[in-house]
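Comments concern the structure below.
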Protein chains: 2
Amino acid sequence: MKNKLKVLRAEHDYTQDQLAKAVEVSRQTINAIEKGKFDPSLVLAIKLARLFKTDIEAIFIYEDQPS
Amino acid sequence: MKNKLKVLRAEHDYTQDQLAKAVEVSRQTINAIEKGKFDPSLVLAIKLARLFKTDIEAIFIYEDQPS
DNA sequence: TTACAATGTCAAGTTTATTTTACATTTTTA
DNA sequence: TAAAAATGTAAAATAAACTTGACATTGTAA
C-alpha cells in the first residue's frame, strides 16, 4: 500500500510530531506509515482523511493483487 | 465504530462465508466485525467498500469522541 | 421433523499496529 | 557554524486483527 501522507503533511505544513498529536498517535507511528513500514488502522486512516479533508483512498492507495 | 455490513450483505444476498471468500478473510472475521468485536484492517475495509461499490465511511461509521 | 445451511462463539496461536524509550542523522534557524 | 528542530530507526512490550478448529444454536427446506 502506497500513501500520500508526506505530501499532504507538507501541503498542510505539519511536522510529523504535530500530525501525530492531531490524530492522537505517536510520532513514530506517523513516521513508520510514511516510510511504508505498516498500514494504519481503519480509525487512524479515517482521522487522517478527515483532518486533510479528503477520502481515505485519496491518501492510501491499495492495489489489489490477483490471488 | 458501527457498521452496515450485515445490511449490505443482505442487500447483495451474500452469506458470511461467501463474503469472507470474496474479500479473502475467514468467516469468523466477517462475523466478528458484524458483531462489533473488532474493526477491520484498512485493507479489508477497502476491499469491502470496493465489493459493495461504496465508500468506506458509508460502511464504517466512526464518531470521534472528544479527547 | 429431520437434515442441512447459516450464524454465533470460544480458545489458542500468529501477525500486524502501536507505544515508549532511546539514540543517530539530517535539516533548519539563530 | 553551533544549537535546535525534525526526521529516521531500532528494540521491547502491548494491543488489536486475523487464523484455524471446533462446537452449539438458529433458520430453512426436504
Side-chain angles (χ1 to χ4, degrees):
Chain A
M1 175 128 58
K2 290 182 182 172
N3 74 73
K4 303 214 156 88
L5 256 198
K6 190 169 181 174
V7 171
L8 280 165
R9 191 166 59 75
E11 284 173 357
H12 290 75
D13 210 18
Y14 276 112
T15 67
Q16 289 184 346
D17 196 55
Q18 287 169 338
L19 178 55
K21 277 164 183 145
V23 295
E24 298 172 296
V25 293
S26 70
R27 180 182 66 81
Q28 287 83 343
T29 290
I30 297 297
N31 186 279
I33 292 168
E34 279 191 9
K35 289 279 159 184
K37 302 269 174 68
F38 51 72
D39 300 327
S41 68
L42 178 54
V43 166
L44 179 48
I46 290 173
K47 284 181 175 182
L48 289 165
R50 287 180 185 173
L51 182 66
F52 292 134
K53 299 192 192 308
T54 186
D55 296 325
I56 290 176
E57 298 208 47
I59 306 180
F60 298 97
I61 292 83
Y62 173 69
E63 300 186 32
D64 231 322
Q65 55 217 48
S67 54
Chain B
M1 174 127 61
K2 290 183 182 173
N3 74 74
K4 303 215 155 89
L5 255 199
K6 190 168 181 176
V7 171
L8 280 164
R9 191 167 59 75
E11 284 173 358
H12 290 73
D13 210 19
Y14 276 114
T15 66
Q16 289 185 346
D17 197 54
Q18 288 170 338
L19 179 55
K21 277 164 182 146
V23 295
E24 299 173 295
V25 294
S26 69
R27 181 183 66 81
Q28 287 84 340
T29 291
I30 298 297
N31 186 278
I33 292 168
E34 280 191 8
K35 288 280 160 183
K37 302 269 174 66
F38 52 73
D39 300 327
S41 67
L42 178 54
V43 167
L44 179 49
I46 290 173
K47 284 181 175 183
L48 289 165
R50 286 180 186 173
L51 182 66
F52 292 134
K53 300 193 192 308
T54 185
D55 296 325
I56 290 175
E57 299 209 47
I59 306 180
F60 299 97
I61 292 84
Y62 173 69
E63 301 186 31
D64 230 323
Q65 56 217 48
S67 53

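Distance A/Met1 CE to D/dA17 P: 15 Å, rounded to the nearest Å. Computed from coordinates, the A/Asp39 CG to D/dA16 P distance equals 18 Å when rounded to whole Å. For the pair B/Leu42 CG and C/dA17 P, the computed distance is 9 Å after rounding to whole Å. The CG atom of A/Asp17 sits 10 Å away from the C1' atom of D/dA5 (whole-angstrom rounding). In this entry the distance linking CZ of B/Phe38 with P of C/dT15 reads 16 Å, nearest Å. Put simply, CG on A/Asp13 is 10 Å from P on D/dT7, counting in whole angstrom units. Between the CD atom of B/Glu24 and the P atom of D/dT19 there is a distance of 10 Å, given to the nearest Å. A/Leu19 places its CG atom 13 Å from the P atom of C/dT18, with the value rounded to the nearest Å.
Between the side chain of A/Gln28 and the base of C/dT21, a donor-acceptor pair under 3.5 Å is found.
Among all heavy-atom pairs drawn from A/Ala45 and A/Ile56, the shortest one is O-CG1, 3.9 Å.
Note on B/Thr29: a side-chain N or O is less than 4.0 Å away from OP1 or OP2 of D/dT19. Look at A/Arg27 and you won't find any side-chain N or O under 4.0 angstrom from OP1 or OP2 of C/dT21. For A/Thr15, no side-chain nitrogen or oxygen approaches OP1 or OP2 of D/dA5 to under 4.0 Å. At least one side-chain nitrogen or oxygen of B/Asn31 sits closer than 4.0 Å to the OP1 or OP2 atom of C/dG8. Dashed line: the shortest gap from a side-chain N or O of A/Ser41 to OP1 or OP2 of C/dT18 is under 4.0 Å.
Of the candidates C/dA17, D/dG8, C/dT20, the closest approach to any side-chain atom of A/Ser26 belongs to C/dT20. Considering only the side chain of B/Val25, D/dC18 comes nearest among C/dT18, C/dG8, D/dC18.
Using cut-offs of 30° and 60° on the angle between ring planes, the pair A/Tyr14 and A/Phe52 is perpendicular.
Among A/Arg27, A/Arg9, A/Lys2, the single residue meeting the salt bridge (Lys or Arg N to Asp or Glu O under 4.0 Å) criterion with A/Glu34 is A/Arg9.
A distance-only check finds a donor-acceptor pair linking the side chain of B/Asn3 to the backbone of B/Ile33 [under 3.5 Å].
Dense packing is recorded around CG of B/Asp64, with more than 12 heavy atoms of other residues, nucleotides or ligands lying under 6.0 Å away.
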